[in-house]
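Only one structure is covered here, and it is reproduced in the block below.
Numbers for residues simply follow the sequence, beginning at 1.
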Amino acid sequence: LSAILAHMPGLERHGERYALPDGHRLTFYIGQPGQAMIVAAVDSATLCDGWVELTTREPTTTFYVAPAEIHAIAHRPPEPATSRRAGFT
């Protein structure tokens with residue numbers, strides 16, 4: 001799990017805590033494939049001794065999860081800035 005988090009671009013490591021800068025989105029899928037619970041808008045993940053602490057943005061919620069229960073992690077970097085305007089061209 002730490003290798004996966006360290007590999008993700010943009011995540012900032014502070015000891016055992018991995019935090020997201022503004023604009024990044026992180027989603028954890030907990031449980032078995034096909035029956036996973038989605039924990040979206042994760043602001044930080046802290047690797048503790050025997051569990052992972054996931055803290056979401058708004059509303060701020062903290063989940064305590066066994067590492068073996070994390071099925072997948074999705075990371076979405078910020079959308080690139082565009083000069084396109086809304087409407088038809």
Quick one: side chain to side chain contact (heavy atoms under 4.5 Å, CB included) partners of [X], sequence neighbours excluded?
X	value
Thr46	Arg17, Cys48, Glu53
Pro77	His24, His75
Ala40	Thr27, Ile38

Which atom pair, heavy atoms only, marks the closest approach of Gly10 to Pro21?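 Taking every non-hydrogen atom into account, O-CD, 3.0 Å.
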
Which heavy atom in Pro67 sits nearest to a heavy atom in Gly50, and how many Å separate them?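 So the minimum-distance heavy-atom pair works out to CD-O, 3.5 Å.
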
Arg57: side chain to side chain donor-acceptor pair (under 3.5 Å) partners, not counting sequence neighbours: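 With sequence neighbours excluded, Arg57 shows a side chain to side chain donor-acceptor pair (under 3.5 Å) to Asp43, given in chain and number order.
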
Give the other cluster members for Trp51, using side-chain heavy-atom distances under 4.5 Å between Ile, Leu, Val, Met, Phe, Trp and Tyr residues; answer none if it is isolated.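 Reading the cluster by chain and number, Trp51 sits alongside Tyr64.
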
Remaining members of hydrophobic cluster (4.5 Å side-chain criterion), Ile73: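 Via sub-4.5 Å side-chain contacts, Ile73 links to Leu1, Ile4, Leu5, Met8, Leu11, Tyr18, Leu20, Leu26, Phe28, Ile30, Met37, Val39, Val42, Leu47, Val52, Leu54, Phe63, Val65, Ile70.
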
Heavy-atom donor-acceptor pair, Thr55 side chain to Ser44 backbone, under 3.5 Å: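 Checked: no pair found.
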
Taking Pro59's backbone N and O only, do any of them form a donor-acceptor pair with Thr61's side chain (distance below 3.5 Å, no angle check)?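 Yes: the side chain of Thr61 pairs with the backbone of Pro59.
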
Under 6.0 Å from the NE2 atom of His14, do we count more than 12 heavy atoms belonging to anything else shown?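 Above 12, so yes.
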
Under the rule for salt bridge (Lys or Arg N to Asp or Glu O under 4.0 Å), what residues qualify as partners of Arg76, not counting sequence neighbours?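 Here no residue qualifies.
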
Which residues pass the salt bridge (Lys or Arg N to Asp or Glu O under 4.0 Å) test with Glu12, sequence neighbours left out?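 In terms of salt bridge (Lys or Arg N to Asp or Glu O under 4.0 Å), with neighbours along the sequence ignored, Glu12 is linked to no residue.
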
Hey, could you give me each pair passing salt bridge (charged side-chain N to carboxylate O under 4.0 Å, His left out) that has a residue in residues 60-71? Not counting sequence neighbours.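 Qualifying pairs, neighbours excluded: none.
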
